[in-house]
Amino acid sequence: MTSAARTQSFPARDYDLTATFTSGQTFRWQRQGSHWTGVIGNRWVRLHADSCSIVAETAQPTADWSWLADYLQVHLDLGAVLQTFPQDEPMRAAVSAYRGLRLLRQDPWECLASFILSSTKQITQIQQIISLLCGRYGEAVAVPAAHDSICAFPSPARLAQVPEAELRACKMGFRAPFLLATARSIAEGQFDLRRLHSLPLEAARAELMTLPGVGRKIADCVLLFAFGCPRAFPVDVWVTKALRQLYFPRRQVRPAALQEFAGAHFGPNAGYAQQYLFHYMRTSRSRRDGRLQGSGA
DNA sequence: GCCCAGGTGAAGC
DNA sequence: GCTTCACATGGG
């Protein structure tokens with residue numbers, strides 16, 4: 001017998017909520033002190049972590065918490081994943097800096113739409129665009145007394161009805177027609193995100209890349225962050241910088257060669273390794289400015 | 001003012 | 001095939 005409660009504790013070691021929520025895989029979590037507030041599906045959630053567990057609070061009594069365990073991937077043996085990383089100096093440094101950084105298992109539509117909006121935008125700006133989008137077109141979700149109101153991520157059907165000019169007013173610029181066309185394709189049933197679960201990585205990636213505004217990088221983000229494909233390896237400007245600086249200092253390496261190197265070098269959890277590299281690269285001025293030495297140098 | 005940001009698609013060679 | 005460019009907008 002499971003009774004419904006508004007709080008639940010998940011045993012979890014090595015879980016750094018701050019690194020996880022600020023590492024650019026998701027854009028809506030907000031910090032209040034040691035607590036993080038967000039919306040998963042249509043549920044308000046507040047989390048905080050102590051040394052051996054994550055404590056969750058919802059707005060309404062909840063009997064089945066599997067949706068949250070799945071989102072947070074609390075059952076994942078992080079140590080086993082980290083052991084599959086290459087034992088080179090860049091990875092050791094990145095893991096040492098942010099051990100406890102996790103990959104979430106996000107809703108495919110929210111993840112896809114968010115990354116369509118991400119192209120050549122800084123993370124703070126992506127957060128702002130998505131906040132406007134949710135506030136204007138998302139449905140309000142139940143919130144505990146004395147907490148700020150908050151909305152769910154708008155559905156494809158809802159966004160499909162929004163005029164392009166209104167989307168542009170959410171500061172998304174040239175990304176608006178891409179988001180709109182993708183929302184319509186999904187809302188009208190031409191594109192079925194659920195079908196991707198049954199496809200191998202390469203086929204799922206090819207399917208995603210048929211959507212307007214979705215190229216290799218965004219497809220890999222969705223495959224990694226929403227579909228749990230551990231080998232998906234998004235290569236953005238930061239990862240490009242990390243790979244060049246840490247693995248190919250003072251050499252010209254073309255993007256295709258970097259992608260090929262990544263697929264061969266980082267192992268079965270390459271996507272996880274990529275997230276550590278991305279966050280590590282972005283969070284240090286010396287690394288951003290390229291003053292860090294390469295692996296063997 | 002200038003360069004850049006979790007890119008993509010289309011046009012030009 | 002590959003390289004270059006336009007596309008909005010705001011942070012640093």
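Just the heavy atoms: all of them, side chains too, but no hydrogens, waters or symmetry mates, feed the values below. Within every chain, numbering begins at 1; the chains are lettered A, B, ... in the order of the sequence lines, protein sequences first and strands thereafter.
R184(A) pairs by the side-chain hydrogen bond (donor to acceptor under 3.5 Å, both in side chains) definition with nothing, not counting sequence neighbours.
Using a 4.0 Å cut-off, no side-chain N or O of K121(A) falls inside it from OP1 or OP2 of dG7(B). Side-chain nitrogen and oxygen atoms of K241(A) include at least one within less than 4.0 Å of the OP1 or OP2 phosphate oxygen of dA5(B).
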Practice item. Kindly indicate, with the supporting measurements, whether the criterion salt bridge (charged side-chain N to carboxylate O under 4.0 Å, His left out) is fulfilled by R99(A) and D14(A). Key: CA-CA 7 Å; R99(A) 191 185 174 95; D14(A) 276 342; 3.0 Å; yes
Exercise for review: Start with the C-alpha gap between L47(A) and V55(A), add the side-chain angles, then the distance that decides, and say whether side chain to side chain contact (heavy atoms under 4.5 Å, CB included) holds.
Suggested key: CA-CA 6 Å; L47(A) 305 173; V55(A) 179; over 6 Å; no
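L68(A) contributes atom CG, which lies 4.5 Å from atom CG of L72(A) (distance to the nearest 0.5 angstrom).
The minimum heavy-atom distance linking W109(A) with L159(A) is given by the pair CZ2-CD1, 3.8 Å.
Across all strands, S118(A) comes closer than 4.0 Å only to sugar-phosphate atoms, never to a base (heavy-atom distances). The residue S114(A) sits apart from the nucleic acid: no heavy atom pair falls under 4.0 Å. Nucleic acid contact for R168(A): sugar-phosphate only, since backbone atoms but no base atoms lie under 4.0 Å from a heavy atom of the residue.
Ring planes of F266(A) and Y247(A): perpendicular class, angle over 60° (limits at 30 and 60°).
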Revision key, fill the gap. Readout for nucleotides 8-13 of chain B: B = base within 4.0 Å of protein heavy atom, S = sugar-phosphate only, - = neither; 5' to 3' it is SS----
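Using a 4.5 Å cut-off on side-chain heavy atoms (C-beta onward), V253(A) and L258(A) make contact.
Atom CD in Q259(A) sits roughly 13 Å away from atom C1' in dG7(B) (whole-Å rounding). Between the P atom of dG6(B) and the CE atom of M281(A) lies a distance of 13 Å, rounded to the nearest Å. We find that CG of L132(A) is positioned 10 Å from P of dG10(C), with the value rounded to whole Å. One can place CZ of R175(A) at 6 Å from C1' of dA8(C), the figure rounded to the nearest angstrom. Regarding L112(A), its CG atom lies at a distance of 19 Å from the P atom of dG6(B), rounded to whole Å. Here the P atom of nucleotide dA8(C) and the CD atom of Q125(A) are 15 Å apart, to the nearest Å. In this structure, the CD atom of Q127(A) is 12 Å from the P atom of dG11(C), given to the nearest Å. Following rounding to the nearest Å, I129(A) (CD1) and dA8(C) (P) show an atom-to-atom distance of 13 Å.
For W238(A), the listed nucleotide lying nearest its side chain is dG6(B); candidates were dA8(C), dC2(C), dG6(B). Of the candidate nucleotides dA8(C), dG10(C), dC2(C), dC2(C) has the atom nearest to the side chain of R254(A).
One donor-acceptor pair, N or O on each side, does fall under 3.5 Å between the base of dG6(B) and the side chain of Q275(A).
Using P as the reference atom, dG6(B) and dC5(C) are 23 Å apart when rounded to the nearest Å. When the C1' atom is compared between dG9(B) and dG10(C), the two are found 23 Å apart, to the nearest whole Å. Separating the C1' atom of dG11(C) from that of dT8(B) is a span of 22 Å, rounded to the nearest Å.
Ring centroid separation for the pair Y137(A) and F153(A) does not come in under the 6.0 Å cut-off. In summary, the aromatic rings of F261(A) and F248(A) are positioned with their centroids under 6.0 Å apart.
DNA chain B is contacted by F225(A), P234(A) of residues 220-234 of chain A, taking any non-hydrogen atom closer than 4.0 Å.
Figure legend: R46(A) and W36(A) shown without cation-pi pairing, the cationic atom not lying both under 6.0 angstrom from the six-membered ring centre and within 45 degrees of its axis.
dG6(B) has no stacking from F115(A) on its base ring, since the centres under 5.5 angstrom apart and planes within 30 degrees of parallel are not both found.
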